[in-house]
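Quantities reported herein were computed from a predicted structural model and do not represent experimental measurements. Numbered from 1 within each chain, the chains take letters A, B, ... in sequence-line order.
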2 protein chains.
Amino acid sequence: MSTKTKNGKRVFLQNEDCPIRNVVSQVGDKWSMLILFSLVEGPDRFNSLKTRIEGISQRMLTQTLRDLERDGYVNRTVYPEVPVKVEYELTPLGEGLAKSLWKLVSWANTHHDEIRSARREYDRDNG
Amino acid sequence: MSTKTKNGKRVFLQNEDCPIRNVVSQVGDKWSMLILFSLVEGPDRFNSLKTRIEGISQRMLTQTLRDLERDGYVNRTVYPEVPVKVEYELTPLGEGLAKSLWKLVSWANTHHDEIRSARREYDRDNG
DNA sequence: CTCACAGGTTATCAAAAGGTAACTAGGGCA
DNA sequence: TGCCCTAGTTACCTTTTGATAACCTGTGAG
């Protein structure tokens, strides 16, 4: 993420080779983390995820699942039953990601009120 | 983040009261984390940040700093020198956030290659 | 033949994010 | 007076993200 130094301070990069940008730009969208944490509890099917994740549309669920699959976080398995059953599950990589996100989640839970009140104060004092 | 349970599986929310969404939607944009980790090394000035964070424009730097300030992660101090000096520094809240992001950063560094090769494989097999 | 079900895809559109470039403000300096 | 500095703001435009809603596919049941 950071590379050279320049008068004592690090210089930060933002290109496609930056690991943290590659991870955060995937996981930082509207739905990825919700899907990830749903799947932490075990493999699940398309329609079940759609029900569990409130407000997600069919289109965004498909699309986000494809993106997670692409990065190797999620496996997609088709069972040729009838009607067809498609199951999604975390890969070891996806489980590792979820674990390393957990600290952030618990921090967010703990400090949520602080953030919200900072936001209110800022909005009161400014625009 | 998750609330009720429904046949054994948690149901996930995505509204404005969800702590993790409130944090991630702020920090998951293109520049916030780079600014955050720049400021971990100590307070810094507008133009110094602009130099250190490669590719950021004046407009996006101002805007992202304002958003970070709004959520209480960053303090902005104006020194009425000449020419004016404006220093940005992490608040304790911002330092806490950076710390809890660190695990994610090191995970990303460790598994970057894995992600990139998963991506290549997916793109080869599919579109 | 028609309907239902799971798991999608496609078209269309609105909103948000982000980039470029020009302009501004408040001073000091020559 | 004109030019430079820092630290912005503004206008304009393009790209990306996401929402809605309609359509499709394969299969079995009635």
Could you give the [atom1]-to-[atom2] distance, from [X] to [N], as a whole number of Å?
X     : N      : atom1 : atom2 : value
B:Q58 : D:dC5  : CD    : P     : 13 Å
A:I56 : D:dT20 : CD1   : P     : 12 Å
A:I53 : D:dA19 : CD1   : C1'   : 16 Å
B:M60 : D:dT9  : CE    : P     : 13 Å

- [ ] For A:K85, answer base if it contacts any base atom (sugar-phosphate contacts may also be present), sugar-phosphate if it contacts only those atoms, and nothing otherwise; contact means non-hydrogen atoms under 4.0 Å.
- [x]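 Sugar-phosphate contact only.
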
Open item on the list: Let me spell it out: for each of A:S57 and A:E81, pick the nucleotide of DNA chain D with the closest heavy atom. Which residue's pick is nearer the 5' end?
Closed with: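 Final value for this comparison: A:S57.
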
Task: Test: B:E41 and A:K9 ion pair at under 4.0 Å - done: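 Salt bridge between B:E41 and A:K9, a charged N being under 4.0 Å from a carboxylate O: no.
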
Sequence neighbours excluded, which residues qualify as side-chain hydrogen bond (donor to acceptor under 3.5 Å, both in side chains) partners of [X]?
X      : value
B:S48  : B:D44
A:E69  : none
A:R70  : B:D123
B:S100 : none

Open item on the list: According to salt bridge (Lys or Arg N to Asp or Glu O under 4.0 Å), does anything in residues 106-120 of chain B pair up with another residue at least two apart or in another chain? List the pairs.
Closed with: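 Residue pairs passing salt bridge (Lys or Arg N to Asp or Glu O under 4.0 Å), neighbours aside: A:D17-B:R116, A:D71-B:R119.
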
Task: Pairwise salt bridge (Lys or Arg N to Asp or Glu O under 4.0 Å) hits with a residue in residues 100-112 of chain B, at least two apart - done: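 For residues 100-112 of chain B: none.
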
TODO: Sequence neighbours left out, what passes salt bridge (Lys or Arg N to Asp or Glu O under 4.0 Å) with B:D67? Give chain and number order.
DONE: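 B:D67 satisfies salt bridge (Lys or Arg N to Asp or Glu O under 4.0 Å) with no residue once adjacent residues are dropped.
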
TODO: Output all residues satisfying salt bridge (Lys or Arg N to Asp or Glu O under 4.0 Å) with A:E89, sequence neighbours left out; order by chain, then residue number.
DONE: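 By the salt bridge (Lys or Arg N to Asp or Glu O under 4.0 Å) rule, A:E89 matches no residue at all.
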
Open item on the list: D:dT6, OP1 or OP2 - any side-chain N/O from B:Y88 closer than 4.0 Å?
Closed with: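 No.
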
Task: Below 4.0 Å: OP1/OP2 of D:dA19 and any side-chain N or O of A:K30 - done: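 Result: yes.
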
- [ ] Choose from D:dC12, D:dA7, D:dA19 the nucleotide whose nearest atom is closest to any side-chain atom of B:V86.
- [x]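 For B:V86, the side-chain atoms sit closest to D:dA7.
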
Open item on the list: Of the listed nucleotides (D:dG28, D:dA11, D:dA21), which one gets closest to any side-chain atom of B:R59?
Closed with: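 Comparing D:dG28, D:dA11, D:dA21 against the side chain of B:R59, the answer is D:dA11.
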
Open item on the list: Distance under 4.0 Å to a non-hydrogen atom of chain B counts as contact; along DNA chain C, which nucleotides mark the start and end?
Closed with: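 Listing 5' to 3', DNA chain C meets chain B from C:dG18 to C:dG28.
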
Open item on the list: Among residues 61-80 of chain B, which ones have heavy-atom contacts with DNA chain C below 4.0 Å?
Closed with: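 Nothing qualifies; none.
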
- [ ] Applying side-chain contact (heavy atoms from CB on, under 4.5 Å), run through A:I20 and B:M33 and close with a yes or a no.
- [x] CA-CA 9 Å; A:I20 188 63; B:M33 285 192 61; 3.5 Å; yes

TODO: Take the C1' atoms of the five end pairs on each side of the helix from C:dC1-D:dG30 to C:dA30-D:dT1, derive the two axes, and give their angle rounded to 10 degrees.
DONE: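 Nearest ten degrees gives 30° for this helix.
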
Open item on the list: Need to verify one output field. Residue with the more 5' nearest nucleotide on DNA chain C, B:G28 or B:P83?
Closed with: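 So the residue in question is B:G28.
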
Without placing hydrogens or testing angles, list every side-chain donor-acceptor pair under 3.5 Å for residues 74-87 of chain B, not counting sequence neighbours.
unit_1	atom_1	unit_2	atom_2	d
B:R76	NE	B:Y88	OH	3.3

